[in-house]
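Below is one structure; the comments refer to it alone.
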Amino acid sequence: MAALSAAVAAGVLTSSVSADEAYYGYNYNWWNDPVPSQNGYIVDRVVTGVDIGVGPLNTPSDIFIEQTTGKIYIVDTNNNRIVITDESFDPSKATELKSFRYGEEFPESQSKVQKTELSQPMGVFVMVYKEQTLIYIADYMNERVIGCYEDGTIFREYTKPSSDLYEANISFRPEKVVVDNALNVYAVIPSITNGMVQFSYEGNFNGYYGANRVETTAEVLQNAFYSLFMNRDQMMKRQRAVAIEIANCDIDAQGFIYTVTSSKNADKDILKKLNPAGENIYLNMGFDDMLFGDVATYYNGQTYASVIDDVDVDENGNVFLLDFFSKRIFQYSNELDLEFIFGGEGNQKGLFTSPTAVENRNGKVYVTDGRKNSITIFKLTEFGAMVQEAVEMFNKGLYQEAKEPFEEILLRDSNYWFAYVGLGNAYYTMGEHETAMKYFYMNSKVGYNRAFKEYRMDMIRQYFNVFMIAVLVLIVLAVVISKAGKIMKKRKEKAAQAAAGGDGDAV
């Protein structure tokens, strides 16, 4: 990381940074080298529990914003409560969920836990369904996921499955939870490597969903080789290779579930977008084994790599990844082009000591810090809004419409490499293939090759008539020369015969 930091620091010396910003903006160029860049986000405000009017927070571990109502739900883990507020953080509107009750829909006799208090909750998910607000809480130490209404009435509990598929010696301590439009519940259990634990709305165990692939290590390859010569008993005794467990999840407006893997040793399935069958859509899009966050660096015998601990997806499909190692947030477009990097480690505003969750709404990004016991709200800069607009048009295929915004982006930040790709596509669709090649050059090999092929065809079409005339002239010249050669040959032959005849008469 030191090598990376040094490279970034050297680059940003020439960049203009507001005195209010505690971090330097940077991005990566086509060769994955860090280059200075304008900030896409700056700090709007920092909020504490006292500001909200609910007293100090104690290790907030998750935050969720219900997009239709704008209500904010904060998991205040060591205060054993869910704090509910709005985007203004008005103390007069703040409430909390701390005590619950069983009702007629789900009486206490049906509960395996039978507890009306939370115990170290870790995650929350909220949805409006048939005009009712449903709140799902990952109640970690109580080993359950609670489904409740806003008044604290429990309508369902999801607990350890009684199934042969769920190993009896594995505890059920959920850290995160999401719910799809069919009210299926997906719980992230840190000790489970088979994927998320899935329940139906009624609480029935549906199995596992979205398991990660097994990392291809030397040990895995060795075990696969030895298994060719083992009998069944030997294979049963041998330790199996297992996938890395899922760390966090989110769901978008279309119902696709996203998962992240936080191990710094992982080189696959760091971010996944899952279809209903639990398959990673990104693999079919050509993003197999793509790395996210900062480029891994090697320093003093150690590897420093990002540890992606949370994921959030906005209404446009932009993906926000929280890197616990560098304490930064990485924003990607819905085509996984890196747009912005912001945040960092430190005590100033905009920096974090222990970031735990990221959430967004209406162009603002909310990040909880479990040590500072605060929530930092970032807002888009003018440059950031311009990039968002241009990339959104680009991803919709409106390349020519995105031309002007991309040109303005390059005037403000010549290092923003994706603008070159955007302009390359704009000029390509306009038929100006030579100009497109200039923008694609060293930024998109695929784009450059595509533009070059069209440029070559342009040249052929442009000079086709001249080329054909030249060919015809050459053909005519060849015919004339050929005929002239034959005539000359015949003349020489006649002259030779005449000369031979004259010699005979003389004799």
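- By the side chain to side chain donor-acceptor pair (under 3.5 Å) test, Tyr129 pairs with no residue at all, sequence neighbours left out.
- With sequence neighbours excluded, the residues satisfying side-chain contact (heavy atoms from CB on, under 4.5 Å) with Lys98 are Arg81, Glu96, Glu117.
- Checking Asp86 against Ser88 by side-chain atom types alone, a donor-acceptor pair falls below 3.5 Å.
- Scanning all heavy atoms of the two residues, the minimum distance from Ser262 to Ala247 falls at OG-CB, 3.5 Å.
- Side chains of Asp369 and Thr353: a donor-acceptor N/O pair is present below 3.5 angstrom, by distance only.
- Between Phe172 and Tyr158, the distance from one ring center to the other does not fall under 6.0 angstrom.
- Across Leu274 and Gly210, no two heavy atoms sit closer than the pair CD1-CA, 3.7 Å.
- Using modelled atom types, one finds no donor on one side chain facing an acceptor on the other under 3.5 Å when comparing Gln348 with Tyr23.
- Classification of Lys160 and Glu143 as a salt-bridged pair fails, no side-chain N sitting under 4.0 Å from a carboxylate O.
- For Gln38 and Glu382, the side-chain atoms include no donor-acceptor pair closer than 3.5 Å.
- One N or O on the side chain of Thr356 and one on the backbone of Pro60 form a donor-acceptor pair closer than 3.5 Å.
- With sequence neighbours left out, the ring pair (Phe, Tyr, Trp, His ring centres under 6.0 Å) criterion links Tyr366 to no other residue.
- Between Phe378 and Phe342, the distance separating the two ring centers is shorter than 6.0 angstrom.
- Aromatic pair Phe330/Phe320: centroids not less than 6.0 angstrom apart.
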Show every donor-acceptor pair shorter than 3.5 Å between a side-chain atom in residues 251-258 and any protein atom, with sequence neighbours excluded, or say none if there are none.
residue	atom	partner	partner atom	Å
Asp252	OD1	Gln254	N	3.0
Asp252	OD1	Gly255	N	2.9
Asp252	OD1	Phe256	N	2.8
Asp252	OD2	Tyr258	OH	3.0

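- Judged by distance alone, the side chains of Thr48 and Ser374 never bring a donor and an acceptor atom under 3.5 Å apart.
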Kindly list each side-chain donor-acceptor pair under 3.5 angstrom involving residues 183-191, sequence neighbours excluded, with atom names and distances?
residue	atom	partner	partner atom	Å
Asn184	ND2	Asp180	OD2	3.1
Tyr186	OH	Asp180	OD2	2.8
Tyr186	OH	Gln198	NE2	3.3

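- Between the side chains of Asp413 and Ser37, at least one donor-acceptor pair of N or O atoms lies under 3.5 Å.
- Shown here are the ring pair (Phe, Tyr, Trp, His ring centres under 6.0 Å) partners of Phe452, two or more places apart in sequence or in another chain: there are none.
- Side chains of Lys272 and Asn212: a donor on one and an acceptor on the other come within 3.5 Å.
- Side-chain contact annotation: Thr261 with Asp269, donor-acceptor N/O pair under 3.5 Å absent.
- Between the side chains of Asn194 and Tyr209, not a single donor N or O lies within less than 3.5 Å of an accepting N or O.
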